[in-house]
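Remarks on the structure that follows.
Lettering of chains follows the sequences in order, A, B, ..., and the numbering in each one begins at 1.
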Number of protein chains: 2
Amino acid sequence: MEKAHQDIEKRIAEKGIRPTRQRLRVLAYLADIPCHPTVDQIYSALRQDMPDLSRTTVYNTLDVFLKAGLVRSLTISSHEACYEYALNQHSHFLCEHCGKIYDFNISITPITDHDLDGFQIHDKHVYFKGICPKCF
Amino acid sequence: MEKAHQDIEKRIAEKGIRPTRQRLRVLAYLADIPCHPTVDQIYSALRQDMPDLSRTTVYNTLDVFLKAGLVRSLTISSHEACYEYALNQHSHFLCEHCGKIYDFNISITPITDHDLDGFQIHDKHVYFKGICPKCF
DNA sequence: GTTCCTGCAAAAGCTTTGCAGAAGA
DNA sequence: TCTTCTGCAAAGCTTTTGCAGGAAC
């Protein structure tokens with residue numbers, strides 16, 4: 001845990017981001033949990049021992065991390081963005097019944113080599129939707 | 001054009017959806033244009049000769065079509081949903097500079113056969129983001 | 001005639017903005 | 001000290017909801 005938090009500080013420093021208390025906590029939270037929290041989930045969780053934390057700060061912080069490539073934002077659920085620590089790239093499955101998001105791996109290749117000629121690709125997202133085994 | 005609109009009526013009838021004037025127009029609009037309009041774009045375009053059209057109706061209509069599988073909704077742009085006529089399945093590229101969405105084709109396969117064991121898949125979305133050739 | 005749909009207004013939910021005070025370098 | 005960040009409140013947008021009148025069958 002201590003080790004993990006040192007890594008967090010290092011990753012923030014590497015990007016030239018000022019390591020405020022709030023930023024360290026947000027990134028540590030994302031790195032620690034295996035799910036894909038919304039802004040409100042991050043806010044509610046951290047607020048338990050940071051009573052002064054504001055939603056605006058969570059939004060600002062995630063935006064800073066997003067631009068630095070430290071986190072990724074998922075738009076799989078249409079009405080609220082989810083965030084995850086940008087460790088390894090993977091795909092996401094949204095259960096339309098319980099709302100849970102699962103990770104899985106997939107390989108993607110253009111049908112023809114020319115499909116994306118001249119496009120500069122920054123980010124790839126693969127979203128599947130359906131019903132998960134638990135809800136089936 | 002006449003032909004196309006007959007097809008629209010047929011597709012709506014096949015799904016057991018009551019073919020109101022508004023529904024026919026929304027689906028015809030989506031079938032006619034090659035892009036991926038937002039609710040507001042659909043609303044503004046149709047309102048020009050349907051002055052009484054309401055945004056609520058556009059939302060309701062798209063929801064009915066979505067459940068029937070006649071249209072697909074894209075959540076590639078995080079703050080507003082886009083819609084397209086569900087003809088053939090393809091992938092989408094969002095230019096982060098001009099906001100334009102491009103279609104392209106891609107093949108996707110799970111890394112292992114077990115990745116999605118027991119998952120009932122309803123929908124697959126592949127979103128790439130970056131800079132398009134025009135903005136590069 | 002009955003059912004379902006539409007349009008309006010209001011409300012709800014997520015996100016952004018403006019700004020004064022506080023924290024970091 | 002100077003810059004940047006935080007927290008609060010208010011505003012902005014997209015989307016949903018409730019309901020009376022209207023259209024479809």
*Let me know the distance between CZ of B:R23 and P of C:dC4, rounded to the nearest Å.*
11 Å
*Using the benzene-type ring in the case of Trp, are the ring centres of B:F65 and B:Y83 under 6.0 Å apart?*
no
_A quick test of your reading: do over 12 heavy atoms of other residues, nucleotides or ligands sit less than 6.0 Å from NE2 of B:H97?_
no
*Between protein and nucleotides 16-25 of chain C, map the contacts as a letter string: B base, S sugar-phosphate only, - none, heavy atoms under 4.0 Å, written 5' to 3'.*
BB------BS
*Would you mind telling me which residue lines up with the more 5' stretch of DNA chain D, A:R47 or B:H79, judged by nearest nucleotide?*
A:R47
*Assert yes or no for the condition that the ring centre distance of A:F119 to B:Y102 is strictly below 6.0 Å.*
yes
*Let me see the working for A:T61 and A:Y59 under side chain to side chain contact (heavy atoms under 4.5 Å, CB included), right down to the final yes or no.*
CA-CA 5 Å; A:T61 298; A:Y59 278 105; over 6 Å; no
*Let me know the distance between CG of B:L53 and P of C:dC5, rounded to the nearest Å.*
16 Å
*If you measure from the Lys or Arg side-chain nitrogens to the Asp or Glu carboxylate oxygens, is any gap between A:E84 and A:R72 under 4.0 Å?*
yes
_Length of the NZ-C1' vector between B:K15 and C:dC4, whole Å_ = 20 Å
*Round to a whole Å and report the spacing from OH of B:Y83 to C1' of D:dT14.*
10 Å
*asked:* Let's see if you can work this out: which of D:dT14, C:dG7, D:dC8 has an atom nearest to the side-chain heavy atoms of B:T57?
replied: C:dG7
*Pick the nucleotide of DNA chain D nearest each of A:V58 and A:S78; which residue has the one closer to the 5' end?*
A:V58
*Starting at atom CD of B:Q22, determine the distance to atom C1' of C:dG7, rounded to an integer number of angstrom.*
9 Å
_B:D52 CG to D:dA23 C1', straight-line distance once rounded to whole Å_ = 13 Å
*Only counting residues at least two apart or in another chain, list the ones meeting salt bridge (Lys or Arg N to Asp or Glu O under 4.0 Å) with A:D49.*
A:R25
*To the nearest angstrom, how far is B:M50 atom CE from C:dC8 atom C1'?*
16 Å
*Nucleotide C:dA12, atom P - distance to CG of A:D40 in whole Å*: 16 Å
*Any side-chain heavy-atom pair from B:H92 and B:H125 closer than 4.5 angstrom?*
no
